[in-house]
Asker: 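Could you have a look at this structure, given as structure tokens, before my questions?
Here the structure is a predicted model, which means the values were calculated and not measured.
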Amino acid sequence: MIEQKVKKVVIAGGGTAGWITAAALSSQLGRLLDITLIESDSIGTVGVGEATIPTHKSFHQLLGIDERQFMKATRATFKLGIAFENWGQQGDRYFHSFGKVGRSTWMGHFQHMWQYANEKGLCGDIDDYCLELQAAEAGKFSLSDKANINYAYHLDAGLYAKFLRDFSEKRGVKREEGKINNVSLCVNTGFIESLTLDNGQLISGDLFIDCTGFKGILIGSALNVELEDWRHWLPVNRALAVQTTLTEEVQPYTRSMAHEAGWQWRIPLQNRIGNGFIYSNDHMSDDQAYAGLMANIQGDTVSDPKLIHFSTGKRKYQWYKNCVSLGLSSGFLEPLESTSIHLIQVGITRLIQMFPFDGVNDALRSRFNDVSNAELTSIRDFLIAHYKLNKRPENFWRERAELDLPDSLQQRLDLYKASAIAYQDDSDLFRVDSWNQVLRGQGLRSEGYHKMGYLVSDAELKRALADLKSSIEKTVNAMPKHTEFLHQYGIK
């Protein structure tokens with residue numbers, strides 16, 4: 001059924017989600033739409049999503065955002081990946097980088113060639129063959145046409161929202177101050193017709209985008225779209241966040257440090273460190289979490305610890321009636337792999353590609369929801385794998401190791417264990433190299449692999465791997481320290 005044409009878009013909520021949405025719509029479709037964003041200065045935002053993935057860079061290129069201006073405005077640093085500490089068992093450490101590992105062929109990925117070479121004693125550790133990983137471990141970074149490096153950012157989420165607000169308002173987005181008191185629905189279609197603010201102002205629209213955070217004022221409270229609960233697989237439900245002063249060299253990576261009932265993040269910005277303590281309140285009290293956080297931070301605190309309650313899962317529909325949910329209103333996957341901002345960006349990009357100019361219809365909604373759900377499910381599985389493959393003794397971790405997995409993940413793990421095959425489907429965010437680094441890092445070893453290595457002489461294979469390792473070492477040695485490059489780049 002075709003509804004009325006869509007001209008007027010109303011974004012409910014500001015913060016990171018609202019202003020990313022406004023920036024994308026105004027920069028790409030601004031001449032075709034009337035865009036209004038509603039937010040209240042009296043309503044706080046979560047504002048702790050300070051790490052991103054490489055798709056962030058592509059999103060900014062799409063919008064025409066200058067990297068130096070963005071990084072200077074948000075006190076951002078570069079990110080080459082995540083160091084996982086104590087995740088397999090106490091004392092373990094591995095790195096999930098954003099880079100490609102080795103060189104693959106059409107026949108199979110690099111891990112098959114490496115596994116053969118490793119058995120024959122012809123090579124070094126598989127980490128030796130990833131430029132981004134080696135640069136991160138050395139605390140180095142640079143941008144060069146000669147070394148195409150894959151990276152993301154650490155940023156101040158509050159400053160990022162302000163940066164995007166300025167960007168959006170310059171492109172015609174109208175901001176209305178106020179709290180949403182009422183959502184009016186059409187009695188015939190159930191579509192949202194208008195929003196009433198606490199000052200009595202009535203704002204009507206054709207398409208509404210819910211960026212109201214965990215409350216989900218439109219998609220949840222008004223339209224009653226239920227949350228699909230994923231706490232059985234991802235049970236952490238609390239986060240304590242605090243900011244501290246810099247006490248050491250700014251590293252180009254996030255740290256994720258497992259503790260007895262969850263994990264802790266450490267994210268370096270130009271001027272401070274973002275710290276967070278993620279945990280399950282079934283396994284740790286808020287007081288215990290506070291003590292754990294404060295015992296494991298460095299430097300002086302520059303903010304009060306902020307307690308955030310959440311549950312993992314997603315809306316049954318991301319797009320329902322004439323309402324699209326983006327950000328926390330659409331659901332939440334814990335921030336283990338820094339996917340929250342990406343999901344906002346890919347959601348609004350998808351909506352732009354499928355924009356209902358001629359009216360909201362079931363075919364558009366169905367396709368949007370199918371693609372969104374497939375991507376969310378794939379990310380969920382990737383996160384679960386981190387927990388499943390642990391050998392820690394605490395109750396929280398033992399429960400995770402003994403958990404029955406979704407069939408989609410169990411099939412991946414079985415395939416990798418039997419044949420060293422990792423894959424990336426169309427709906428998968430994470431690449432083969434990401435799956436390889438995390439599965440190996442968590443201790444999963446393959447019993448078999450493709451025998452492509454047998455097709456190359458041992459001498460030729462040894463020489464090729466040595467040359468690749470040497471090339472990476474030479475490139476990393478020539479790089480400046482991360483902090484030094486930030487100064488060279490003119491943003492610190």
Side-chain angles (χ1 to χ4, degrees), residues 1-22 24-26 33-46 161 165 168 173-228 309-311 313-332 343-344 347-348 351 354-357 359-362 364-366 368-369 372:
M1 174 181 177
I2 302 296
E3 304 293 342
Q4 68 183 35
K5 293 183 182 295
V6 174
K7 171 68 175 177
K8 186 169 184 180
V9 177
V10 178
I11 303 168
T16 306
W19 287 113
I20 284 176
T21 300
L25 284 175
S26 61
L33 301 174
D34 178 355
I35 306 167
T36 300
L37 183 145
I38 303 167
E39 72 173 340
S40 172
D41 288 332
S42 65
I43 298 177
T45 59
V46 173
R165 174 180 171 178
S168 303
V173 174
K174 298 183 291 293
R175 178 190 181 275
E176 297 290 349
E177 166 68 27
K179 296 180 181 179
I180 299 170
N181 272 2
N182 185 63
V183 181
S184 297
L185 306 180
C186 175
V187 294
N188 295 321
T189 64
F191 278 33
I192 298 174
E193 289 187 324
S194 63
L195 308 178
T196 304
L197 306 188
D198 56 355
N199 60 9
Q201 184 178 4
L202 188 74
I203 299 179
S204 59
D206 306 316
L207 182 72
F208 292 80
I209 302 179
D210 190 338
C211 298
T212 62
F214 289 123
K215 291 181 179 179
I217 294 172
L218 276 58
I219 195 76
S221 300
L223 295 177
N224 296 312
V225 177
E226 64 187 53
L227 278 167
E228 184 177 319
H309 294 235
F310 63 86
S311 60
K314 68 172 185 65
R315 296 286 174 187
K316 183 177 181 181
Y317 306 110
Q318 310 296 303
W319 183 350
Y320 185 70
K321 301 291 186 180
N322 64 334
C323 177
V324 178
S325 58
L326 294 175
L328 300 177
S329 64
S330 68
F332 185 66
L343 287 170
I344 302 166
I348 188 56
L351 179 61
M354 304 174 64
F355 198 86
F357 296 103
V360 176
N361 63 75
D362 290 341
L364 276 175
R365 280 194 301 253
S366 179
F368 184 95
N369 287 328
S372 299

Asker: What are the two closest non-hydrogen atoms of G216 and D210, and how far apart are they?
Answerer: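 For G216 versus D210, the nearest heavy atoms are C-OD2, 3.4 Å.
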Asker: Any chance you could measure L326, atom CG, to T212, atom OG1, to the nearest 0.5 Å?
Answerer: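 One gets 11.0 Å once the value is rounded to the nearest 0.5 Å.
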Asker: Is a side-chain N or O of N322 found less than 3.5 angstrom from the main chain of I192, in a donor-acceptor match?
Answerer: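 Pair found, side chain donor or acceptor close to backbone of I192.
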Asker: Considering only residues two or more places apart or on different chains, which pairs with a residue in residues 216-227 satisfy side-chain hydrogen bond (donor to acceptor under 3.5 Å, both in side chains)?
Answerer: none
Asker: What closest approach, in Å, do Q318 and I219 show between heavy atoms, and which atom pair accounts for it?
Answerer: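 Where Q318 meets I219 most closely, the heavy atoms are O-CD1, 4.3 Å.
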Asker: Can you name the nearest heavy-atom pair linking E176 to I203, along with the distance?
Answerer: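 Where E176 meets I203 most closely, the heavy atoms are CG-CD1, 3.7 Å.
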Asker: Is there side-chain contact between L195 and L218, with at least one heavy-atom pair below 4.5 Å?
Answerer: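 Side chain of L195 against side chain of L218, heavy atoms only: contact under 4.5 Å found.
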Asker: Once you round to the nearest 0.5 Å, how far does CZ of F332 lie from CZ of F214?
Answerer: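 Reported to 0.5 Å precision, the distance equals 5.0 Å.
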Asker: Would you say D206's side chain and K8's backbone share a donor-acceptor pair under 3.5 angstrom?
Answerer: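 Yes: the side chain of D206 pairs with the backbone of K8.
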Asker: Minimum heavy-atom separation for A22 to S26, with atom names?
Answerer: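 Reported closest heavy-atom pair: O-OG, 2.8 Å.
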Asker: Could you tell me which non-hydrogen atom of V360 sits nearest to which non-hydrogen atom of R365, and how far apart they are?
Answerer: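 Heavy-atom minimum between the residues: CG1-NH1, 3.0 Å.
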Asker: Roughly how far apart are E193 CD and C186 SG, rounded to 0.5 Å?
Answerer: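 If I round to the nearest 0.5 Å, the distance is 4.5 Å.
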Asker: In terms of the angle between their ring planes, are Y320 and Y317 parallel, tilted or perpendicular, with boundaries placed at 30° and 60°?
Answerer: parallel
Asker: SG of C211 to CG of L37: how many Å apart, nearest 0.5 Å?
Answerer: 7.5 Å
Asker: Checking R315 against L227 for the side chain to side chain contact (heavy atoms under 4.5 Å, CB included) test, could you report, in this order, the C-alpha distance in whole Å, the side-chain angles of both residues, the deciding distance, and whether it holds?
Answerer: CA-CA 4 Å; R315 296 286 174 187; L227 278 167; 3.8 Å; yes
Asker: For the backbone of T189 and the side chain of K321, can you confirm whether one donor and one acceptor N or O come within less than 3.5 Å of each other?
Answerer: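 A pair under 3.5 Å: yes.
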Asker: Does any non-hydrogen side-chain atom of T36 lie less than 4.5 Å from one of V173?
Answerer: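 Not in contact.
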Asker: Does R165 have any salt bridge (charged side-chain N to carboxylate O under 4.0 Å, His left out) partners at least two apart in sequence or in another chain, and if so, which?
Answerer: E169
Asker: Start with the C-alpha gap between L197 and I180, add the side-chain angles, then the distance that decides, and say whether side chain to side chain contact (heavy atoms under 4.5 Å, CB included) holds.
Answerer: CA-CA 5 Å; L197 306 188; I180 299 170; 4.1 Å; yes
Asker: On a heavy-atom basis, which atom in C323 and which in L223 lie closest, and how many Å separate them?
Answerer: CB-CD1, 3.5 Å
Asker: Does W19 reach the main-chain N or O of T21 with its side chain, forming a donor-acceptor pair under 3.5 Å?
Answerer: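 Side chain of W19 to backbone of T21, a donor-acceptor pair under 3.5 Å: no, none is there.
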Asker: Run the salt bridge (charged side-chain N to carboxylate O under 4.0 Å, His left out) test against E228 and tell me which residues pass, sequence neighbours left out.
Answerer: K314
Asker: For the CD1 atom of I209 and the CD1 atom of I38, what is their distance to the nearest 0.5 Å?
Answerer: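 Output value for this atom pair is 11.5 Å.
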Asker: For the side chain of N369 and the backbone of W319, is there at least one donor-acceptor N/O pair under 3.5 Å apart?
Answerer: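 Yes, the answer is positive, given that a donor and an acceptor are paired below the 3.5 Å cut-off.
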Asker: Output the distance between atom CG (L207) and atom CG (L33), rounded to the nearest 0.5 Å.
Answerer: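 Atom-to-atom, L207:CG and L33:CG are 9.0 Å apart.
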